Amino acid sequence: MKLRWRELVIAFLLAVGIWYIVTGSEKVVSQIEVRADYRGLPQGLVVRGGTVSKVSVSVRASVGMLHSISSRDFAFFVDLSPVKKGENILPININQLVLPGGVEVIDVSPSRIYLEVDTAESKSVPLVAEIRGELANDYTAEAKVIPPEVKISGASSQVAGINRLVMPVAVDNTLLPGTTESKRLIPLPEGVDCTPSEATISLHIGIRRKLASVSRPVIVAAGMHPAHAPAG
């Protein structure tokens with residue numbers, strides 16, 4: 001007796017459902033990335049380097065579970081409260097990684113983070129404009145920056161060596177006389193912050209003045225006082 005088409009469809013759907021349940025519950029090993037967030041840095045300290053933005057975590061879970069967590073954003077919180085000035089080694093314990101139930105953490109890479117920590121420092125330094133380039137022969141350039149002084153902050157080993165900040169001002173032979181102003185970001189070394197972060201550059205292009213002398217012959221007629229002599 002031949003099966004009817006409805007029975008065939010039901011049988012097919014049952015087979016697909018059983019296959020999905022079996023394969024979905026099968027546990028496999030996969031890699032996921034977990035975002036690293038840093039908290040609790042003691043006041044007066046700054047991290048100079050060594051931070052990582054993500055850690056790679058090896059997990060074992062069902063295929064269905066892996067599909068559900070692959071698009072989610074998990075975070076691993078790194079406690080910075082015990083760090084001190086200098087090199088600090090912070091181990092990453094797999095027990096610190098909080099993932100959904102049914103997900104087994106096998107390994108994490110890197111297993112430790114090496115942080116370079118320094119004391120924080122801030123100070124005020126001059127902000128100066130520096131003209132770079134060449135103008136046409138008859139023109140001159142003068143630039144000034146507003147504000148003339150800014151406050152910088154960062155690791156003491158970096159801030160201590162900064163005595164001024166330079167704003168480069170490019171000029172060329174296409175510029176015409178006049179004054180222009182523009183606002184720009186202040187260039188800073190990596191890891192150094194500045195308040196304010198922008199400055200206004202005022203650039204004045206002028207005409208070069210030259211000192212010249214002119215001599216003309218003067219003829220004085222007989223009997224005429226030199227003061228009343230006509231101009232040559």
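Atom set for the values below is all heavy atoms of this structure, side chains included, hydrogens, waters and symmetry mates excluded. Throughout, residue positions are numbered sequentially from 1 according to the sequence presented. This is a predicted model, so every value here is computed, not measured.
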K.L.:
Treating Arg208 as the side-chain partner and Tyr139 as the backbone partner, does any N or O pair qualify as donor plus acceptor under 3.5 Å?
P.N.:
yes
K.L.:
Spell out, yes or no, whether Ile89 and Ile92 are grouped together once hydrophobic residues are joined by side-chain heavy atoms under 4.5 Å, including indirect joins.
P.N.:
no
K.L.:
Where is the tightest heavy-atom contact between Ile131 and Ala141, given as atom of each residue plus distance?
P.N.:
CD1-O, 3.5 Å
K.L.:
Is there a continuous path of hydrophobic side-chain contacts, each under 4.5 Å between heavy atoms, that joins Val46 to Val52?
P.N.:
no
K.L.:
Ignoring hydrogens and geometry, is there a side-chain-to-backbone donor-acceptor pair from Arg184 to Pro168 under 3.5 Å?
P.N.:
yes
K.L.:
Assess whether side-chain contact (heavy atoms from CB on, under 4.5 Å) is satisfied between Val150 and Val125, documenting all intermediate values.
P.N.:
CA-CA 6 Å; Val150 293; Val125 296; 4.2 Å; yes
K.L.:
Got a second to check how far Ile152's CD1 is from Arg164's CZ, nearest 0.5 Å?
P.N.:
13.0 Å
K.L.:
Do Tyr38 and Ile113 touch side chain to side chain, with heavy atoms closer than 4.5 Å?
P.N.:
yes
K.L.:
How long is the span from the NZ atom in Lys144 to the CD atom in Glu181, to the nearest 0.5 Å?
P.N.:
8.0 Å
K.L.:
Does the pair Glu121/Lys123 count as a salt bridge with the N-to-O cut at 4.0 Å?
P.N.:
no
K.L.:
Is there a salt bridge (charged side-chain N to carboxylate O under 4.0 Å, His left out) between Arg60 and Glu104 once you walk through the steps?
P.N.:
CA-CA 5 Å; Arg60 181 185 288 112; Glu104 178 188 356; 3.0 Å; yes
K.L.:
Verify side-chain hydrogen bond (donor to acceptor under 3.5 Å, both in side chains) between Ser156 and Asp118, making sure each step is shown before the conclusion.
P.N.:
CA-CA 7 Å; Ser156 59; Asp118 199 352; 3.2 Å; yes
K.L.:
Do other residues, nucleotides or ligands put more than 12 heavy atoms under 6.0 Å from the CG atom of Asn137?
P.N.:
no
K.L.:
Return the minimal non-hydrogen interatomic distance between Lys84 and Asn88, and the atom names on each side.
P.N.:
O-ND2, 2.6 Å
K.L.:
Side chain of Tyr114, backbone of Gly49: donor and acceptor closer than 3.5 Å?
P.N.:
no
K.L.:
Is the side chain of Asp107 donor-acceptor paired with the backbone N or O of Val105 at a distance under 3.5 Å, no angle test?
P.N.:
no
K.L.:
Around atom CD of Gln31, are there more than 12 heavy atoms of other residues, nucleotides or ligands at under 6.0 Å?
P.N.:
yes
K.L.:
Ignoring hydrogens, what is the shortest heavy-atom contact between Pro147 and Leu127? Give both atom names and the distance.
P.N.:
O-CD2, 3.5 Å
K.L.:
State the CG-CG distance between Leu45 and Leu80, to the nearest 0.5 angstrom.
P.N.:
10.0 Å
